[in-house]
Amino acid sequence: MVRCLLIAIVCACAWGCVPGAPGVPATPTGHPEPEETAPDPCEGIEDVPPTQLSRLTPIQYANSLVDLSEGAIAPPQLPAQISSYITELEVEAISQTSHDLVARGLHRAFIPCDPAAVDTASQDACAAGFIDAFGLRLFRRPVAPDERETLLGYYQRIGTDPDISPPPSFDERIAAVAEVMLASPQFLYVHDEGLPSDGPLRRTTGYERAAKLSLFLFDRAPDEALLALAAEGALDDDEGLRAQAEKMVLDPRARPVLRRFAAAWLGLEASGSSPSLEDRAKSAASFPFDSPELRWAMREEVESLYERVVADGDARFESLFTTADAKVTPALAELYGTGWANGWTTLDGRRRAGILTRAAFLAQFAGPEVTSPIRRGAHLYRNVLGLPLGDPPPGANLTPPRPGGEEILTTREAAEARTSNPACQACHGFFNPLGFAFEHYDAMGRWRDVELVPTADGDVVELPVSSRTEQRAPGLEGTDEDAVALSARIGQSAVAHDAHATRWFKTLVGRPIAAEDACTLKRIRSRFLDTGDLRALLVDVATSPPTRWVRPQPEEESP
Amino acid sequence: MRRRIFGRRIVLKGFAGAAIGLPLLELTHGEAWANDNPPPQRFVVFFDHGGTLAPTAKDGHRFDGTGAEVGVDAWSPLATSEPLVLGPIQEPLKGLEPYLMVLRGIDNRAGRKATPLDGDHGFDEVTALTCADAIQYGGGSEAAKTAFGPSIETVLAERLAQRSPVPFPAIYLRVDGTNYGTPFFKASQQPIVGQTDPVAAFDTLFSGVKEVGASEEPAAVRARALKKSILDGTAEMLTTFKRRLGARDRQTIDAHFEHIRALEVRVAQLAGPMLPGCEKPSMAAPPVTPEDIAYAHADIAVAALRCGLTHVVGYDLCDLETLWLNPPYRDPSGSPHGLGHTGGTCGPDGPDHAVMQAWIDTMIQNRRWRMTILRRVMDALAAIPEGTGTLLDHSLMLWTSEFSSPFAHSASDVPVLLAGGTSGRFRMGRHLNFNQKALTDPLTREYETKTSLHNLYTSILNAFDYPDEHFGNDQAYVPGPLSGLS
């Protein structure tokens with residue numbers, strides 16, 4: 001008895017999902033904000049936390065170099081970032097990549113002279129010109145005087161290095177400078193200094209704004225045209241910044257960013273403890289039609305759908321949860337039971353409406369043979385509704401509840417039985433019903449009206465599937481007949497709007513949300529709830545205070 | 001110098017040994033003999049993610065096999081002291097007992113104290129080799145844990161490289177799979193993740209290695225000088241950049257700077273002569289399966305040690321799905337983590353009791369396979385002569401995990417297996433249990449210990465002739481080295 005009680009306490013605490021706890025909406029609407037009539041404490045407040053150095057992500061690094069080569073190189077691969085500190089593995093990879101790219105002539109287009117023909121007297125000027133031109137693109141701003149001095153000093157010194165025999169040619173000296181620049185922190189790290197303003201915050205420079213916009217909306221360093229706008233001062237005022245962001249949201253280069261966001265939002269990528277959609281184990285006996293091509297089609301469908309709604313469609317958040325549009329391959333069309341189709345088609349909206357009713361999400365959050373309503377529900381609770389949820393407590397049985405048994409239970413019934421004690425219900429009671437609504441889709445995402453349940457004596461019985469649920473997730477309380485109805489309510493809910501806006505904001509700032517972000521987030525969320533417009537959300541986020549302001553890092557006293 | 005260390009260490013060990021009833025004279029006698037020899041030359045850590053098959057609860061007591069939890073212990077040796085009789089999981093190491101010592105009754109005390117849950121995923125990984133304080137940063141599905149101190153192999157790597165310079169103070173190799181964080185840390189909040197690709201690891205380690213006796217081509221000498229010059233230039237740019245930063249960001253650049261300097265040292269060191277017998281391992285066909293990658297990494301580690309490229313290897317073996325799972329696991333569950341958990345529900349009173357035997361068989365087979373990696377490394381090191389013995393004689397290896405029991409997430413009584421000849425520093429071929437309840441009843445299911453990984457790592461530093469009195473944070477039950485290892 002005592003042990004049961006202990007387990008109960010651990011379960012309740014470890015999931016950390018008790019409504020009313022800090023960060024958990026306590027009101028029926030899911031809005032933690034004060035009532036409308038109260039004075040807005042954020043009125044006129046713009047703030048950002050102290051600036052913190054960040055590195056280009058592996059994708060930003062690769063895209064930036066591909067752009068520099070004008071598409072002539074394959075995207076270089078860097079190890080995943082696991083800390084704010086760079087690792088030796090990353091430094092090694094950057095060093096080798098820099099060497100390889102220079103050997104392939106990545107820098108050559110930026111040399112303002114012909115290295116083979118330039119006379120000795122003109123070499124130094126040519127080197128300086130190279131440093132300025134290459135540096136502008138690499139450092140995302142003009143090369144600073146002390147940086148130019150350092151690089152020119154290196155260029156001079158390498159020519160007389162006694163260890164390098166015979167002495168390097170002019171061409172080799174330029175190549176060495178290029179390698180240094182490609183491995184330099186000015187390229188690899190994003191650091192804002194800003195310009196003085198009236199208050200404690202500094203205004204970001206036009207170049208810093210250009211870099212923020214491009215890294216966020218395109219996942220790449222700014223191109224020549226954007227740097228030119230920065231040089232002209234076109235991004236210095238907030239109107240100019242917004243106008244540029246509005247253009248960039250519609251640029252084709254924003255589309256891969258939308259797709260990557262969608263994949264991460266839907267949990268399709270691998271993490272240390274979970275495989276990607278492509279590596280998710282499925283039973284060959286239960287799903288003989290499974291194939292790498294089908295997995296590819298599943299991912300392609302949902303990434304394309306997000307892109308289509310935002311970039312080509314009405315950009316309304318709720319459309320993500322109601323659309324019956326689908327981009328299918330014949331194999332995926334067969335899984336959906338639509339008859340042969342290849343490309344964009346329209347599904348039966350009574351069974352599949354919205355991105356959550358698609359195979360990618362449904363297969364990723366399911367076991368090898370049977371569904372996992374608990375995992376589907378937990379993902380929706382945490383990532384789509386943005387509600388806090390910890391890890392399962394130690395000792396929790398994480399083997400997916402299996403249907404069957406002596407009482408012949410469906411998967412849903414088995415999950416309900418597994419989590420029926422009050423301690424488990426303290427958390428599962430809030431997110432299980434989200435997953436139960438999807439029980440009409442099997443572990444690969446196929447529609448089903450009945451579940452084939454094995455009995456203890458080896459037979460199989462057909463049991464009807466139930467997807468009717470009473471939702472208890474804060475901000476989403478109500479009754480749903482099925483996933484289509486639930487999806488539609490999610491698309492209209494304040495809690496999901498808030499979660500989506502917050503997720504995009506975190507993607508931009510690339511750090512945990514700080515207390516100084518509170519008013520910024522409040523405004524972004526409020527506008528998104530009013531408009532429901534995903535393109536406007538991206539513009540709001542891209543032009544928010546973290547793009548426009550810098551708070552200098554406090555100097556720490558020496559120990 | 002050595003005599004001073006000898007005197008203090010032996011006194012410490014003598015007192016601690018007396019505390020658990022071991023004869024002081026025997027301890028000092030063994031230590032005096034050991035310290036006449038040079039210390040071990042190399043240190044290898046195998047980190048085995050996901051725990052082992054042990055019925056250990058969070059507080060260290062052992063499940064008796066009558067409840068929902070499985071009570072089977074396949075890790076503990078079959079004899080309670082010496083000679084060592086290997087446990088079922090250690091069966092692949094049969095014949096190597098004189099080079100092995102199993103230690104029990106040791107807690108990851110830093111992990112247990114890092115969270116109110118008495119240790120848990122992430123916390124136990126980042127503390128297992130650091131014995132440092134740890135925190136969680138981020139939230140929800142993006143939460144991660146980090147430690148505020150270096151791991152034991154990093155500390156040893158830096159010291160051993162000072163004692164005897166090598167191109168790579170340490171090398172890190174990872175067999176990728178399910179994991180909740182790396183156990184390796186270069187410094188506070190600076191995790192290290194090993195190279196997962198054997199081909200890339202091979203290229204990094206051996207591209208600069210020349211055959212013994214071969215002279216270096218002038219072009220290679222020049223290329224190396226150019227490389228060193230470029231690293232110097234990069235370091236200058238780091239210095240220029242650092243001037244613009246606040247105090248916190250300057251630390252980030254300092255860490256980057258250290259890596260650049262490490263690359264410079266490596267470039268210089270690779271110019272030196274390789275050890276006799278140095279041979280590049282064969283990498284004819286790139287391995288694909290996790291099993292093949294695991295063996296390839298083992299071969300690379302041995303070759304790097306043999307060639308004198310490094311003194312220290314961190315081998316990170318993630319929790320793997322394998323090809324030999326028993327029904328109902330033959331169709332991979334999609335989560336080895338889930339597999340580990342099943343032991344908490346397939347005991348006699350558990351809802352999954354029907355699969356208990358299959359689960360036990362699967363766990364033993366899976367963990368036995370992991371032991372074959374250690375076997376491969378030990379056999380290879382034993383075949384390489386060094387002085388009057390072999391590389392194995394002068395090596396110290398550690399095999400451990402974040403958990404004892406995966407289903408209980410227990411950081412108590414974590415698996416600790418020492419291997420190698422240790423240059424005679426430790427008296428191998430034994431099973432030592434620091435569970436004080438086991439003093440009177442070696443088979444007890446009760447548990448009480450005053451021993452933690454802090455003590456083990458202090459002993460390891462001492463074994464390499466470093467006179468540390470303590471390793472890690474202040475969460476050890478008691479400071480100082482372990483008693484009775486010599």
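The basis for the numbers below is simple: all heavy atoms, side chains too, and nothing from hydrogens, waters or symmetry mates. Quick note on labels: first sequence line is chain A, next is B, and so on, each numbered from 1. All values reported here derive from a predicted model rather than from experimental measurement.
A donor and an acceptor atom, one from each side chain of B:Thr252 and A:Arg55, are nowhere located under 3.5 Å apart. There is a side-chain donor-acceptor pair under 3.5 Å between A:Thr87 and A:Glu90. With hydrogens and angles left out, the side-chain atoms of B:Asn179 and B:His49 include no donor and acceptor closer than 3.5 Å.
Aromatic rings of B:His61 and B:Phe63 (six-membered ring for Trp) have centroids within the 6.0 Å cut-off, being under it.
Using a 4.5 Å cut-off between heavy atoms, A:Thr150 touches chain B through backbone and side chain atoms alike. Using a 4.5 Å cut-off between heavy atoms, A:Leu188 touches chain B through its side chain atoms alone. Both the backbone and the side chain of A:Gln52 have a heavy atom closer than 4.5 Å to some heavy atom of chain B. Neither the backbone nor the side chain of B:Lys228 comes within less than 4.5 Å of any heavy atom of chain A. At a 4.5 Å heavy-atom cutoff, the contact between B:Thr204 and chain A is made by side-chain atoms alone. Heavy atoms of B:Arg266 lying under 4.5 Å from chain A belong exclusively to its side chain. For A:Pro185, the parts sitting under 4.5 Å from any heavy atom of chain B are the backbone and the side chain alike. With a threshold of 4.5 angstrom between heavy atoms, B:Leu263 approaches chain A through side-chain atoms but not through N, CA, C or O. In this structure, the portion of A:Glu172 lying under 4.5 Å from any heavy atom of chain B is its side chain and not its backbone.
Remark: A:Glu147 pairs with A:Phe139, A:Arg141, A:Val143, A:Ala144, A:Gln186, B:Met237, B:Thr240, B:Arg244 by the side-chain contact (heavy atoms from CB on, under 4.5 Å) rule, at least two apart or across chains. The salt bridge (Lys or Arg N to Asp or Glu O under 4.0 Å) check on A:Asp290 picks up A:Arg295, with sequence neighbours excluded.
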